[in-house]
2 protein chains.
Amino acid sequence: MTTMKEIAQATGVSVSTVSLVVNGRDQGRVKPDIAKRVRAEAKKIGYRPNPLARSLRTSHTRIIGFVSEEVATTPYAGGIIMGAQDAAARLGYMLITVSTDGVAEEEREFAALKRYGVDGFLYAKMYNQLADVPPVLRQLPVVVANGIERTGMVPSIAPDEYGIGYNATKRLINAGCQRIAYIGDQDPILAQGLRFKGYQSALGDAGITADPKLVANVGFNQEAMDAVEAMIEAGNPDGFFCFNDSRSWYVYQAAARRGLTIGRDWSLVGVDNHRVFAETLAPRLTTIELPHYEMGYWAACKLVSMIEHKDESPALHTQTRAPLPSLQAPRPALIHCQLIEKDSVR
Amino acid sequence: MTTMKEIAQATGVSVSTVSLVVNGRDQGRVKPDIAKRVRAEAKKIGYRPNPLARSLRTSHTRIIGFVSEEVATTPYAGGIIMGAQDAAARLGYMLITVSTDGVAEEEREFAALKRYGVDGFLYAKMYNQLADVPPVLRQLPVVVANGIERTGMVPSIAPDEYGIGYNATKRLINAGCQRIAYIGDQDPILAQGLRFKGYQSALGDAGITADPKLVANVGFNQEAMDAVEAMIEAGNPDGFFCFNDSRSWYVYQAAARRGLTIGRDWSLVGVDNHRVFAETLAPRLTTIELPHYEMGYWAACKLVSMIEHKDESPALHTQTRAPLPSLQAPRPALIHCQLIEKDSVR
DNA sequence: GTGAAAGCGCTAACAG
DNA sequence: CTGTTAGCGCTTTCAC
């Protein structure tokens with residue numbers, strides 16, 4: 001491990017001078033040629049500052065605490081983590097990850113994170129929902145990913161569920177479907193209501209009257225399968241918008257049983273939560289991927305900007321469905337995000 | 001942030017004494033009643049040591065670098081991370097996660113991790129394979145998860161693929177199946193070969209002669225579907241062992257097309273990589289879950305023990321299919337793991 | 001412009 | 001047994 005001291009000795013200046021130079025704060029304070037010598041030596045011995053020592057003085061660490069509640073049981077978390085991780089790396093930050101399924105241990109974990117001097121928290125939810133950020137976390141900058149903070153005071157990013165529903169349905173309409181079914185979730189979670197609204201709007205905008213016989217909100221297993229079958233019998237659909245891959249599965253099964261083929265006899269657009277369809281049968285165009293990676297990426301960017309600009313102004317509450325600004329995530333993806341940002345009142 | 005200094009002042013002793021006491025190294029060095037006073041004060045003001053300051057002296061941080069290559073594109077990583085995270089938390093460690101899909105940035109990321117003073121690396125692969133640990137990482141304790149390090153000098157944990165194949169097939173035999181098909185992967189990855197071996201052994205042990213007409217190693221999409229159909233026509237199976245959920249999917253489709261029901265007309269045991277079957281149609285007993293969480297958990301435990309016991313003895317190479325020792329992972333799961341451990345030669 | 005000195009919170013060597 | 005001293009690597013006054 002190379003230190004400033006070594007540079008100082010090699011160049012015959014003091015540690016303080018080295019500090020100024022390597023931190024780029026030598027303008028008009030250190031003679032240019034000395035600065036040059038120092039920089040040269042630093043490069044030569046491959047000097048890298050020790051972030052721990054630095055943070056002991058400055059009490060900021062360039063470490064972000066990635067807190068995910070309820071996430072262990074889902075395969076989605078990975079994408080959010082990866083997005084956050086990529087953004088953080090680009091901005092010179094590190095991620096410390098902590099999950100808190102065990103209710104009781106939360107406080108302990110958060111305390112530990114604080115002791116490690118994290119500069120802020122990225123609070124990720126397992127599925128899009130109204131989120132209550134634990135008060136302990138609020139003491140530092142926080143951003144919510146895959147959820148919307150209840151009070152509107154914390155920047156959040158979540159999938160644009162309405163947009164997903166609208167867009168999916170639109171695609172089915174454009175594909176020539178006349179009787180488009182909605183296969184949703186029986187639980188009244190955010191995504192369910194909003195995607196359904198999007199579905200309805202798209203139908204309305206196309207001058208199609210929604211038929212309640214074409215809607216099946218189901219759970220799991222045989223019961224769900226039966227409900228889908230019943231809906232198909234009653235509604236005779238030719239296109240399907242499916243809430244997630246479990247629901248798509250029921251339609252594929254129903255099709256197979258009738259000797260029909262998805263993509264020829266029936267059209268289907270589904271959200272591919274588990275990525276299983278992407279690698280199996282469904283042609284790419286019929287799946288919508290939730291923007292987990294992108295949410296992680298944006299959340300980390302936003303968090304860093306808050307940390308560095310001390311951007312904590314009291315705030316308005318705005319929503320936008322525009323493409324993510326300055327995101328530039330490296331993965332091409334169908335991005336449907338909804339940003340809840342605090343706007344400073346200027 | 002509470003400090004030792006505060007405790008020292010409040011109790012009228014020196015910081016060094018406080019240090020000894022709060023670190024539990026006061027046996028026969030500090031008078032019991034002083035120690036008691038110090039401890040009381042520490043508890044009263046809720047003292048928690050500052051790990052950063054500590055590591056500045058000791059140069060170990062109780063931070064583990066979680067490095068996952070090629071992991072961003074799969075939903076599996078989450079489980080490994082969560083397992084590692086849980087184990088680490090229990091042992092008083094933190095996880096810093098880093099993914100390195102971008103080939104070029106690896107070195108930079110690893111260097112950053114080192115600068116943050118990680119005590120060791122957890123190197124996670126995206127699917128079970130022979131792993132080459134980047135040399136930079138080898139300078140610190142390393143454990144490989146979801147892969148087997150090529151030289152056998154690095155402790156590794158991977159799914160017991162053979163056991164998975166054997167067990168799955170055994171279950172089908174016990175369920176009364178006579179003609180058991182194997183639907184595998186056309187790519188010659190580790191899991192493919194080993195699960196197939198397990199399948200063959202189970203058949204052999206039951207006195208069933210393997211029929212090549214019952215084997216289909218396939219890729220994706222319609223081609224795969226067709227191959228599975230052809231195999232079914234040719235082999236007339238009544239039971240299926242499927243390599244993963246994509247492959248199970250083809251069988252479910254084939255069944256539906258024939259008006260058959262899995263679990264009644266056909267038996268199926270499949271590996272449920274994406275967890276989609278677990279929540280959809282398949283009864284629990286027919287799916288095998290890869291032990292991602294458990295691998296992460298074990299790997300972290302092992303790594304910490306190496307870090308703390310400086311367990312770096314040159315080593316034998318042993319394999320075991322026994323249940324994980326001292327694992328006690330909180331999740332109930334069908335655990336099939338293969339441990340590659342270095343054994344000290346004593 | 002530059003360096004000496006102090007200090008972040010903690011541990012470790014050594015006196016007493 | 002306990003306190004003093006020194007120092008981990010860095011930043012930050014504050015004299016010179």
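Below, read A as the first sequence line, B as the second, and so on, with proteins coming before strands; counting in each chain starts at 1.
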Got a sec? Which of residues 25-50 of chain A come in under 4.0 Å of DNA chain C, heavy atoms? A/Arg29, A/Val30, A/Lys31, A/Ile34
Within residues 3-12 of chain A: residues closer than 4.0 Å to DNA chain C (heavy atoms): A/Gly12
If the helix axis at each end comes from five base pairs, how far does the helix from C/dG1-D/dC16 to C/dG16-D/dC1 deviate from straight, to 10°? 50°
Considering only heavy atoms from C-beta outward, does the side chain of [X] approach that of [Y] to under 4.5 Å?
X        : Y        : result
B/Met4   : B/Asn50  : no
A/Asp119 : A/Pro141 : no
B/Phe66  : A/Thr97  : no
B/Tyr123 : B/Val154 : no
B/Val136 : B/Lys114 : yes
A/Ser99  : B/Asp86  : yes

What's the verdict on side chain to side chain contact (heavy atoms under 4.5 Å, CB included) for B/Ile307 and B/Tyr93, showing C-alpha distance, side-chain angles and the deciding distance? CA-CA 11 Å; B/Ile307 290 168; B/Tyr93 278 71; 3.7 Å; yes
What are the bounds, 5' to 3', of the part of DNA chain C that sits under 4.0 Å from heavy atoms of chain B? C/dG9 to C/dA12
Does A/Val133 offer a backbone N or O that forms a donor-acceptor pair with the side chain of A/Arg138 under 3.5 Å? no
Any donor-acceptor pair under 3.5 Å linking the side chain of B/Arg25 with the backbone of B/Ser19? no
No-hydrogen, no-angle side-chain donor-acceptor test under 3.5 Å, B/Arg90 and B/Tyr297: yes
Distance check needed: [N] [atom2] versus [X] [atom1], whole Å only.
X        : N      : atom1 : atom2 : answer
B/Arg57  : D/dC8  : CZ    : C1'   : 5 Å
A/Leu20  : D/dT13 : CG    : P     : 11 Å
A/Asn23  : D/dC10 : CG    : P     : 10 Å
B/Tyr116 : D/dG9  : OH    : C1'   : 15 Å

Give the table of side-chain donor-acceptor pairs shorter than 3.5 Å for residues 36-45 of chain B, with sequence neighbours excluded, one pair per line with atom names and distance.
from	atom 1	to	atom 2	distance (Å)
B/Arg37	NH2	B/Thr11	O	2.6
B/Arg39	NH1	B/Val21	O	3.4
B/Arg39	NH2	B/Asp26	OD2	2.8

Under a 4.0 Å threshold between the charged nitrogen and the carboxylate oxygen, would A/Glu149 count as salt-bridged to A/Lys125? no
Could I get the full list of side-chain hydrogen bond (donor to acceptor under 3.5 Å, both in side chains) partners for B/Ser14, not counting sequence neighbours? B/Ser16, B/Thr17
Establish, with yes or no, whether the OP1 or OP2 oxygen of D/dT11 is under 4.0 angstrom from a side-chain nitrogen or oxygen of A/Ser19. yes
